[in-house]
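Have a look at the structure below, then the notes.
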Amino acid sequence: MSSEIEKLEADICKLVELSLCDKTYCAQISFFLSQKTIDKAWKHFFIDIRDYTCVIHSDEIRHIKKEHHDDVYLVCKIPYYLEKFVKLERSIVPDRKTGKPVTSLIFIKRNEDNSVKMVKTNLSREKILRLKTLFEVV
């Protein structure tokens with residue numbers, strides 16, 4: 001694993017800790033998807049995510065903690081999971097507050113005994129993939 005990804009994961013882990021320690025903390029980390037992720041999405045699933053930025057915000061981290069408890073610590077590994085996914089699905093789900101449809105991508109990374117699913121939302125004109133939820137399925 002490159003030192004660039006390791007640094008990004010360390011920065012994300014720090015964001016997770018700060019977000020969980022202080023519920024008023026409001027920050028985010030954004031990063032471009034790797035070329036490997038972009039190529040795999042297009043080659044295997046015909047989904048064009050060139051020039052997209054992944055955004056992880058404090059609010060989503062707290063949501064994951066509330067809904068999925070200890071899975072929140074998997075947030076640190078998002079760059080790895082984005083690069084090593086084995087399946088990519090489109091999904092359209094209604095927004096909880098507005099009811100309007102939101103297009104999402106679900107990145108699925110399989111391990112030996114489980115899979116990790118990450119839902120990215122806001123496939124928007126602004127080319128942002130915003131973390132919605134992350135959980136582990138055993």
Side-chain angles (χ1 to χ4, degrees):
M1 190 182 311
S2 75
S3 60
E4 191 175 309
I5 288 179
E6 288 172 352
K7 182 186 179 324
L8 178 58
E9 288 181 356
D11 291 345
I12 294 169
C13 283
K14 185 173 183 170
L15 177 66
V16 168
E17 290 300 323
L18 291 170
S19 299
L20 296 178
C21 290
D22 179 0
K23 59 184 171 185
T24 63
Y25 186 74
C26 186
Q28 69 181 30
I29 288 180
S30 61
F31 56 94
F32 287 106
L33 299 175
S34 73
Q35 191 61 48
K36 186 175 180 178
T37 300
I38 294 165
D39 292 346
K40 190 189 299 187
W42 180 250
K43 182 179 178 184
H44 298 288
F45 305 99
F46 304 107
I47 296 175
D48 184 3
I49 51 176
R50 282 176 295 165
D51 303 320
Y52 273 74
T53 301
C54 181
V55 177
I56 301 171
H57 192 278
S58 296
D59 292 338
E60 285 86 18
I61 291 169
R62 286 187 285 272
H63 165 79
I64 292 167
K65 176 66 175 173
K66 180 181 173 191
E67 299 290 323
H68 307 290
H69 310 289
D70 291 337
D71 288 347
V72 72
Y73 296 102
L74 297 173
V75 171
C76 299
K77 300 297 287 178
I78 283 178
Y80 170 78
Y81 294 136
L82 285 176
E83 209 167 86
K84 302 295 183 181
F85 71 94
V86 295
K87 191 171 183 185
L88 182 59
E89 300 173 353
R90 281 188 196 265
S91 173
I92 298 177
V93 293
D95 183 89
R96 286 185 180 181
K97 294 178 183 173
T98 66
K100 292 181 181 179
V102 178
T103 303
S104 304
L105 288 180
I106 304 171
F107 290 82
I108 301 170
K109 165 67 176 99
R110 296 201 196 291
N111 294 325
E112 290 174 14
D113 58 351
N114 59 37
S115 67
V116 174
K117 290 188 177 186
M118 290 178 292
V119 177
K120 302 290 182 177
T121 60
N122 290 1
L123 285 174
S124 63
R125 291 184 191 124
E126 294 80 28
K127 294 195 172 193
I128 295 172
L129 295 177
R130 185 172 305 281
L131 177 65
K132 181 178 180 183
T133 192
L134 177 149
F135 54 94
E136 191 171 44
V137 179
V138 180

>> Going by salt bridge (Lys or Arg N to Asp or Glu O under 4.0 Å), name the residues that satisfy it together with D70, two or more places apart in sequence or in a different chain.
In response: K65
> With no hydrogens and no angle check, do the side chains of S19 and S58 hold a donor and an acceptor under 3.5 Å apart?
Replying inline: yes
>> Can you give me the closest heavy-atom contact between C76 and I12, atom names plus distance?
In response: CA-CG2, 3.8 Å
>> As an exercise, state the distance from CD1 of I64 to CG of L74, rounded to the nearest 0.5 Å.
In response: 9.0 Å
> Once you round to the nearest 0.5 Å, how far does CD1 of I61 lie from CG of L134?
Replying inline: 10.5 Å
> Any chain of hydrophobic side-chain contacts (each under 4.5 Å) joining L8 to L18?
Replying inline: yes
> Got a second to check how far E83's CD is from I5's CD1, nearest 0.5 Å?
Replying inline: 4.5 Å
>> Closer than 3.5 angstrom, by distance alone: can the side chain of T37 be matched with the main-chain N or O of L82 as a donor-acceptor pair?
In response: yes
> With a cut-off of 6.0 Å (strictly less than), are more than 12 heavy atoms of other residues, nucleotides or ligands near CD of E136?
Replying inline: yes
>> Restricting to non-hydrogen atoms, name the atom on D95 and the atom on T98 that form the minimum distance, rounded to 0.1 Å.
In response: OD2-N, 2.9 Å
> Nearest 0.5 Å, what's the CZ-CG distance between F31 and L129?
Replying inline: 9.0 Å
> Got a second to check how far K36's NZ is from K43's NZ, nearest 0.5 Å?
Replying inline: 11.5 Å
> Which heavy-atom pair separates L131 from E60 by the least distance, and what is that distance?
Replying inline: O-CG, 2.6 Å
>> Quick check: closest heavy atoms across F135 and D71, and the distance to 0.1 Å?
In response: CA-OD2, 3.6 Å
>> Give me the atom names and distance for the closest heavy-atom approach of I78 to C54.
In response: CG2-SG, 4.5 Å
>> With side chain to side chain contact (heavy atoms under 4.5 Å, CB included) as the criterion, how do L20 and Y73 come out once you've worked through the C-alpha distance, each side chain's angles and the decisive distance to 0.1 Å?
In response: CA-CA 11 Å; L20 296 178; Y73 296 102; 3.8 Å; yes
> Distance under 6.0 Å and angle within 45° of the ring axis: does K77 meet both against Y80?
Replying inline: yes
> So, do I47 and R90 sit near enough that their side-chain heavy atoms are less than 4.5 Å apart?
Replying inline: yes
>> Using 0.5 Å steps for rounding, measure from the CD atom of E17 to the OH atom of Y25.
In response: 11.5 Å
>> Between R62 and D59, does any side-chain N to carboxylate O distance fall below 4.0 Å?
In response: yes
> Quick one: side-chain hydrogen bond (donor to acceptor under 3.5 Å, both in side chains) partners of E89, sequence neighbours excluded?
Replying inline: K87
> Taking the six-membered ring for Trp, are F85 and F45 parallel (under 30°), tilted (30 to 60°) or perpendicular (over 60°)?
Replying inline: tilted
>> Using the rule given for side chain to side chain contact (heavy atoms under 4.5 Å, CB included), can you reason through V93 versus K132, listing the C-alpha separation, both sets of side-chain angles and the distance that settles it, and then say yes or no?
In response: CA-CA 11 Å; V93 293; K132 181 178 180 183; 3.4 Å; yes
